[in-house]
Number of protein chains: 2
Amino acid sequence: MCAASGCYNERVSSSNGRKVTILDVARAAGVSKSAVSLALRGDPGLGKRTRAAIVAEAQRLGYRQNRWARSLVQGRTGLVGVLLTDLSSDYQTEIVHGIEDAAEQVGLEVLLSHGRRDPAVLQRRLTQLGDLGVDGVVVLSAMLGPAVLARAATRQPMVVVGRVEGLPPGIGSVANHDEAGAQLAVQHLVGLGHRRIAHLTMSQRAAARARRRAYEESMVGAGLGAFVQVAPEWDGGVDQLVAAAGEQDGPTAVFASNDRGAAAVVAAALDRGLRVPEDLSVIGYDNTALAQALRPALTSVDQPRPQMGRLAMDQLAELMAGGEARHQVVEPELVVRGAVARRWGS
Amino acid sequence: MCAASGCYNERVSSSNGRKVTILDVARAAGVSKSAVSLALRGDPGLGKRTRAAIVAEAQRLGYRQNRWARSLVQGRTGLVGVLLTDLSSDYQTEIVHGIEDAAEQVGLEVLLSHGRRDPAVLQRRLTQLGDLGVDGVVVLSAMLGPAVLARAATRQPMVVVGRVEGLPPGIGSVANHDEAGAQLAVQHLVGLGHRRIAHLTMSQRAAARARRRAYEESMVGAGLGAFVQVAPEWDGGVDQLVAAAGEQDGPTAVFASNDRGAAAVVAAALDRGLRVPEDLSVIGYDNTALAQALRPALTSVDQPRPQMGRLAMDQLAELMAGGEARHQVVEPELVVRGAVARRWGS
DNA sequence: CTGAAAGCGCTTACAG
DNA sequence: CTGAAAGCGCTTACAG
């Protein structure tokens with residue numbers, strides 16, 4: 001039976017005896033299988049004493065419920081999946097914390113998955129989560145298209161965190177108000193006297209596009225000209241932008257569509273001998289740990305990440321209970337730090 | 001049956017019809033249940049044509065195997081758990097990538113879990129992984145004590161990545177050679193002419209202690225005095241160290257036990273008006289993304305993370321097959337960047 | 001309050 | 001090459 005390959009369970013079994021089942025507990029406690037099941041789940045239709053005795057016996061034997069068996073009969077797993085673009089983005093991390101806190105409150109367990117910044121891998125992970133039988137999934141990545149999301153959402157309810165263009169019906173969403181965030185950044189710089197404010201955008205995704213549009217509108221609204229630098233692949237766009245900043249009538253400030261871009265601008269500026277913020281002010285987006293670690297520290301637009309996670313999980317629970325999908329928007333705030341300076345004249 | 005709470009499955013079922021089982025496929029293909037099972041797993045004892053027909057039918061119906069049911073009968077899940085201290089540490093991220101690559105090759109799926117830097121949470125997560133029925137677990141956190149590890153390891157094989165004091169027998173390990181890494185850092189600084197080299201240590205964990213010991217021995221070996229600053233809780237220890245660096249006969253270089261500490265030293269130095277590296281050279285450990293993002297960029301000791309992940313997963317697979325636990329050590333390398341300068345005289 | 005029975009969706013010998 | 005049968009560990013009505 002355990003002849004050839006794959007039967008490595010022998011080792012485990014021998015290390016903790018046979019695996020203890022509900023039947024072992026029943027025998028030890030002198031009751032029926034059902035009684036044990038009821039006792040373990042705290043069913044009221046069972047005598048207090050009987051119940052206590054059964055629980056004690058289970059404990060003594062080191063009984064652990066087999067989740068797979070339970071899920072099989074119950075038709076649900078009590079698991080929710082969270083799909084991340086990649087690990088090690090603290091933008092995502094704090095959202096995950098919010099999700100976990102909310103999940104714990106409603107008695108669900110969180111399974112994490114990530115796609116290593118590769119849409120194909122992300123798609124595979126989404127399928128795997130479905131195969132694992134998650135009862136719902138939160139997608140924390142903007143790298144998946146509407147078609148992929150729609151297909152995955154037929155298997156279990158879904159909530160997307162972050163902006164997605166053309167989100168299919170039935171899928172919930174939670175996003176920050178990108179337009180408001182961009183406006184905060186521009187207005188802050190304008191208020192400090194900056195007139196030539198450039199925007200660095202890193203991607204063509206919905207959130208980046210919204211920030212860019214709002215930047216442009218804010219600049220026009222302030223009677224100023226907009227200058228957008230696109231640097232999707234770290235292809236020298238950042239250097240170009242910083243080179244322009246070094247010239248007469250070049251930008252005196254940069255609003256980047258995220259902190260990574262802002263950090264790259266700071267690094268390139270320092271590498272080129274520009275002073276930050278005296279020669280160039282820089283604002284990022286997301287208020288990540290990077291923003292705090294850098295010197296000068298980055299001023300950045302902060303999204304209320306834990307709250308976003310909680311909202312996403314709460315909405316997912318609603319969807320699982322049969323509720324309607326909603327699109328929730330939260331307001332960002334500007335966190336002011338050192339990489340921005342007042343600008344006189346010019 | 002689905003009266004009160006928790007029966008949100010109705011919604012899903014209605015959105016994709018009834019869930020397709022092996023029995024549906026059998027009926028549609030006009031064969032028995034067993035035939036479908038055999039066909040789907042590519043069993044050789046089945047006609048090529050029959051098999052193709054069954055597979056086609058399964059595809060057409062959108063059949064997805066129920067993993068829980070399969071695991072229940074097979075007695076294993078094909079899942080391995082990976083326990084992380086927290087998300088968003090790119091030291092851990094690349095190890096995870098190595099683990100995943102190796103796992104895929106041996107046909108195992110990876111489940112991620114993390115403890116938010118809290119030992120109690122970590123311990124809970126480890127138990128949850130066991131309850132989910134993982135066939136093995138890689139622990140990527142140094143925050144768990146031997147007792148906790150030993151208990152968890154009775155449920156399934158375990159490999160720990162990173163140094164652990166008093167690792168219980170039967171548990172495998174993969175770690176970098178901390179002593180060699182510390183030596184590389186000290187020798188590099190000494191080679192550049194530094195004589196007063198301080199060490200910043202952040203924790204009492206085994207790896208940190210080993211680096212500290214090796215630092216002290218390297219200094220003594222070079223005929224130099226050692227100066228260790230302990231800053232476990234960002235409690236001002238970093239400021240103290242940097243203040244000392246500003247004084248006559250203060251340290252001209254700092255070797256920090258990790259990049260986060262090194263970054264804090266750089267930030268504190270710059271905040272205090274010291275120039276890095278002219279006034280103070282700084283070396284970190286782990287060669288994280290932070291080391292590259294900072295200006296000046298950090299020189300840092302690099303651990304071969306993807307390789308460590310692969311080794312851990314490969315060893316875990318061996319353990320699951322009944323092999324003996326081993327303790328593997330890999331060699332670190334020094335990655336030289338800008339935050340270190342040559343020191344004349346002094 | 002209890003116990004026998006059916007069944008969740010699959011795999012696995014086993015007899016044909 | 002096929003089909004009937006048992007069983008993985010649990011939950012859930014149901015009859016007592």
Side-chain angles (χ1 to χ4, degrees), chain A residues 1-7 9 12-13 18-27 29-54 58 61-78 130-133 135, chain B residues 1-7 9 12-13 18-27 29-54 58 61-78 130-133 135:
Chain A
M1 183 167 119
C2 263
S5 61
C7 205
N9 260 35
V12 174
S13 296
R18 270 233 66 56
K19 203 149 264 178
V20 182
T21 77
I22 206 177
L23 211 58
D24 300 314
V25 179
R27 268 195 292 265
V31 299
S32 76
K33 239 172 64 172
S34 339
V36 177
S37 178
L38 295 173
L40 260 26
R41 278 171 302 117
D43 189 291
L46 210 56
K48 266 183 146 8
R49 301 186 48 109
T50 325
R51 189 172 156 244
I54 294 175
L61 294 175
Y63 170 76
R64 296 255 94 194
Q65 193 184 64
N66 184 322
R67 289 190 58 143
W68 304 77
R70 173 162 53 85
S71 299
L72 190 57
V73 28
Q74 290 192 332
R76 65 199 170 82
T77 55
D131 286 345
L132 283 171
D135 295 334
Chain B
M1 183 168 118
C2 262
S5 61
C7 203
N9 260 35
V12 175
S13 296
R18 270 234 68 51
K19 204 147 264 178
V20 182
T21 77
I22 207 177
L23 211 58
D24 300 315
V25 178
R27 270 196 290 265
V31 298
S32 76
K33 239 172 66 171
S34 338
V36 176
S37 179
L38 295 172
L40 260 24
R41 277 170 304 116
D43 190 291
L46 210 56
K48 266 184 146 9
R49 300 186 48 111
T50 324
R51 194 180 148 238
I54 293 174
L61 294 175
Y63 170 76
R64 298 254 93 196
Q65 192 184 61
N66 184 323
R67 290 189 59 145
W68 305 78
R70 172 162 53 85
S71 300
L72 190 57
V73 29
Q74 291 193 332
R76 64 197 172 84
T77 56
D131 286 344
L132 282 171
D135 295 334

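Within every chain, numbering begins at 1; the chains are lettered A, B, ... in the order of the sequence lines, protein sequences first and strands thereafter. No experiment lies behind these values; they were computed from the predicted model shown.
One interatomic measurement links the two molecules: OH of B/Tyr63 to P of C/dG9, which rounds to 10 Å at whole-angstrom precision. Spacing between atom CG of B/Asn66 and atom P of C/dG9 amounts to 7 Å, rounded to whole angstrom units. With rounding to whole Å, B/Trp68 atom CH2 is found 15 Å from D/dC8 atom C1'. Atom CZ in B/Arg64 sits about 12 Å away from atom P in C/dC10, given to the nearest Å.
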Please produce a list of atom pairs where a protein N or O lies less than 3.5 Å from an N or O of nucleotides 1-5 of chain D.
from  : atom 1 : to      : atom 2 : distance (Å)
D/dC1 : OP1    : B/Gly47 : N      : 3.4
D/dG3 : OP2    : B/Ser32 : N      : 3.2
D/dA4 : N6     : B/Ser34 : OG     : 2.6

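Under the salt bridge (Lys or Arg N to Asp or Glu O under 4.0 Å) criterion, A/Arg67 pairs with A/Glu109, not counting sequence neighbours.
Considering only side-chain N and O atoms, A/Gln74 lies under 4.0 angstrom from the phosphate OP1 or OP2 of D/dT12. Proximity of A/Arg67 to the phosphate of D/dC10: no side-chain N or O atom is located under 4.0 Å from OP1 or OP2. Residue B/Arg41 has a polar side-chain atom (N or O) positioned under 4.0 Å from OP1 or OP2 of C/dT12. One finds no side-chain N or O of B/Arg70 lying less than 4.0 angstrom from the OP1 or OP2 phosphate oxygen of C/dG9. For the pair A/Ser37 and D/dC10, the criterion of a side-chain N or O lying under 4.0 Å from OP1 or OP2 is not met.
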Problem set entry | Secondary-structure notation, DNA chain C, from Watson-Crick and G-U pairs under 3.5 angstrom (| other strand) | |||.||||||||.|||
